[in-house]
Protein chains: 2
Amino acid sequence: MGVTINDIAKAAKVSPSTISRVIANNPRISAATRERVLKIMKKMNYHPNYIARSLAKKSTRIIGLVVPGSTENSFRHPFFPEILRGIGSVAYKNGYNILISSANTAAEEKQMAKEFAVGGITEGIILMTSMIKDPAVSELKKLKFPFVVVGRPQDQNEVNWVDNNNFSISYELTNHFIAQGYKKIAFLGVSYEYTVTIDRLEGYKKALEDNGFEFDADLIVEGKFIDDKGYDLMNKLIEKDITPDAVIAIDDLIAFGVIAAIREKGLHVPGDIAVAGFNNAPLSEYMTPSLTSVEVNAFTLGVKAFELLLADIESEHKSFNRAIVPGELIIRKSSIKTF
Amino acid sequence: MGVTINDIAKAAKVSPSTISRVIANNPRISAATRERVLKIMKKMNYHPNYIARSLAKKSTRIIGLVVPGSTENSFRHPFFPEILRGIGSVAYKNGYNILISSANTAAEEKQMAKEFAVGGITEGIILMTSMIKDPAVSELKKLKFPFVVVGRPQDQNEVNWVDNNNFSISYELTNHFIAQGYKKIAFLGVSYEYTVTIDRLEGYKKALEDNGFEFDADLIVEGKFIDDKGYDLMNKLIEKDITPDAVIAIDDLIAFGVIAAIREKGLHVPGDIAVAGFNNAPLSEYMTPSLTSVEVNAFTLGVKAFELLLADIESEHKSFNRAIVPGELIIRKSSIKTF
DNA sequence: CTTATTTGCGCAATCGCTTGCACAAATTAT
DNA sequence: ATAATTTGTGCAAGCGATTGCGCAAATAAG
């Protein structure tokens, strides 16, 4: 089918090794033969077979990206594409391509991660998960395969990871409400399986504590990032006859639903209930009222993730590194007290 | 490093071929040895090397995804992640993984597509481009490599492609405005390099024509999907002292900017100027006013793209196929005439 | 003008797995 | 009981590259 290195060798009347060395720019090849070979390669429309090369060199220049659940679900949230953008931007510069796994369950995710690792396809893996106990993480740890996790993992000192300063940014956001005189601040969308929500919840608690507020478990509503709708979560609160004066949603998409639920009750945002989210969804600034949120710089998270991964791949001596990408509180109208 | 098929062979005191046949579930292997080998494989923690297998079998179970410009830019728009979701959902079921190219220029894009194809890495390529003259398309055509284009390509009868019914859906949208009595309908974000915008523009023109309206070139503003801001495009119109009573934006993200520009002039949407977009961005329904748009079912586009590609990869006799995924006009408040 | 280096290239093993062919042993047919 | 099949494995040649080692010719050093 394709023309191989041997075909070129024959045509150029040299050995295949010479061709290989021409391709590799090996200085031991004379300028004359180099030129001649290159010309023949061009004429015969030769292109190296990456699979064969990878086998021989034991290096593929491919990194794996394993996303939680299926790509089908994950990419529904703008956060993931942003990460991918970030990874892609640096990966390209370093000559790496990205292989995306498709898996549906946590078990499959682990399986895919394993195959990527032991199968010799990828040189390293970026794991987009922040589940407290992720089977893929323990698997990769066991295999001693280069990988980095996006989102603080439980065993944070034994893996590479990148994350935001979720604790402090949530602390800051909560303080923003308190400073304006809000007293009954609800926190919606907590899932104890994800460190990201745990960290944000802790920041919230600490802010309450530092301001002499009592923590009220009734103001916390559990729910998942992607699967649950903010509308339903807010209604859970309403059904229990609890009316906060401010709501922190774990994600902007949740916040949108929250606002819808509030309005359905005839109340106003921020007049009656102030609202803020996280992750600064693309359109949060365009809504009415514009939504206070936290920019998590997902793009940068992706960049840092790749950089850590590359360092891991290239380093001789294992060490575990992390990168904390600061989030930025973006105060907009939905959280500003009106008089 | 890893344990190979030979290690297993030695441990099981059989030949490597037998191991390979066990893995391949070849019926000529007796149940007894099969069991024994499987047990040893498990115990020694063996996993097949996909690179070696791919080389031997000349099949990788990987498809390539080539995106226009860099992933860095493309994934900024929700459309691409949606396509990816769709592709991923079917690819997974068929045991395919997805390799994403990162390229910055059209030339690099062509180069990547070529490498994916001739390099033996991928078995087929999905090209996310709808540029009129895409060098990657002609390259792949020349190579006779399986690929499908997302977006109607110029040589639509000589490649596989998927797309929306852009012409008719745009026709419908324009009619929606006309039916309500709008008379001066602007069309923002036309780029003559992309068939998608051309098709939509044609639908718009046809609707004007069918209703006895004269086409007014002054109402057309050129601009690019991702790079240009709707705010600037709308201001180009305003600067020329042209005030339409309705605006069709080539994309919702453009529409958002358009609305901002309109408001800055002290005008109202839809009171003074009605607005509609395309691609039904996730938050279009939540804005105030909610934005009339066209759902393009990008997920389905991705699904169809993969299906066509798979058919191409597996088919003996080449034929060119297409899939038209209907878009749906979603009428919301931004385009409803108020009295 | 030797001897030591450097330069330029070929040999052949290797990367880990697949597969057509061969062939003995076991099974079935005659 | 012999011939014809079927069953179960092994041999060895690929797949298309890379690379350590060796060696002759060219160049530099003494």
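Keep in mind the model is a prediction, meaning the values are calculated, not measured. Note on naming: letters A, B, ... go to the chains in the order of the sequence lines (proteins, then strands), and numbering restarts at 1 for each one.
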In whole angstroms, the gap separating C1' of C/dC17 from CG of B/Asn26 amounts to 14 Å

Answer with base, sugar-phosphate or nothing: what part of the nucleic acid does B/Thr33 contact at a heavy-atom distance below 4.0 Å? sugar-phosphate

Under 4.0 angstrom, heavy atoms only, what part of the nucleic acid is B/Tyr46 near: base, sugar-phosphate, or nothing? sugar-phosphate

- Contact class for B/Thr18 (heavy atom, under 4.0 Å): base, sugar-phosphate, or nothing? sugar-phosphate

* Determine the contact category for A/Ile29: base if any of its heavy atoms lies under 4.0 Å from a base atom, sugar-phosphate if only primed atoms, P, OP1 or OP2 are that close, otherwise nothing. => sugar-phosphate

message: Using the rule given for side-chain contact (heavy atoms from CB on, under 4.5 Å), can you reason through A/Phe147 versus A/Ile313, listing the C-alpha separation, both sets of side-chain angles and the distance that settles it, and then say yes or no?
response: CA-CA 8 Å; A/Phe147 75 104; A/Ile313 291 172; over 6 Å; no

Handout entry: Atom NZ of B/Lys110: over 12 foreign heavy atoms under 6.0 Å
Key = no

Test side-chain contact (heavy atoms from CB on, under 4.5 Å) on A/Leu99 and A/Phe116 and set out the steps. CA-CA 9 Å; A/Leu99 190 63; A/Phe116 275 11; 3.8 Å; yes

Can you tell me if B/Glu123 and B/Ser59 form a side-chain donor-acceptor pair at under 3.5 Å? yes

Of D/dA17, C/dG16, D/dT19, the nucleotide closest to the side chain of A/Lys57 is D/dT19

Discussion item. Can you see if the side chain of A/Arg53 gets near the phosphate of D/dT18 - specifically, an N or O under 4.0 Å from OP1 or OP2?
Written reply: yes

Worksheet entry | Heavy atoms of other groups near B/Lys318 NZ, more than 12 under 6.0 Å | yes

Quick check on D/dG16: is either OP1 or OP2 less than 4.0 Å from any side-chain nitrogen or oxygen of B/Lys58? yes

**Request:** Decide if atom NZ of A/Lys141 counts as having more than 12 heavy atoms of other residues, nucleotides or ligands within a radius under 6.0 Å.
**Result:** yes

In short, the helix from C/dA4-D/dT27 to C/dT30-D/dA1 is bent end to end, axes from five pairs each side, to 10°, by 40°

For D/dT9 and B/Ser30 - does any side-chain N or O of the residue sit under 4.0 Å from the phosphate oxygens OP1/OP2? yes

Review point. Does A/Thr4 place a side-chain N or O at less than 4.0 Å from the phosphate oxygens OP1/OP2 of D/dG16?
Key: no

Is the closest side-chain donor-acceptor distance between A/Arg322 and A/Asn157 under 3.5 Å?
-> yes

Between CD1 of A/Ile23 and P of D/dT19 the distance, given in whole Å, is 12 Å

Practice prompt. Would you please say whether a donor-acceptor pair under 3.5 Å links the side chains of B/Ser30 and B/Thr33?
Written response: yes

Taken to the nearest whole Å, CG/A/Asp7 to P/D/dC15 is 10 Å

Output one line per pair: protein atom, nucleotide atom from nucleotides 20-25 of chain C, and distance, for all N/O pairs under 3.5 Å.
unit_1: C/dG20; atom_1: O6; unit_2: B/Arg21; atom_2: NH2; d: 2.6

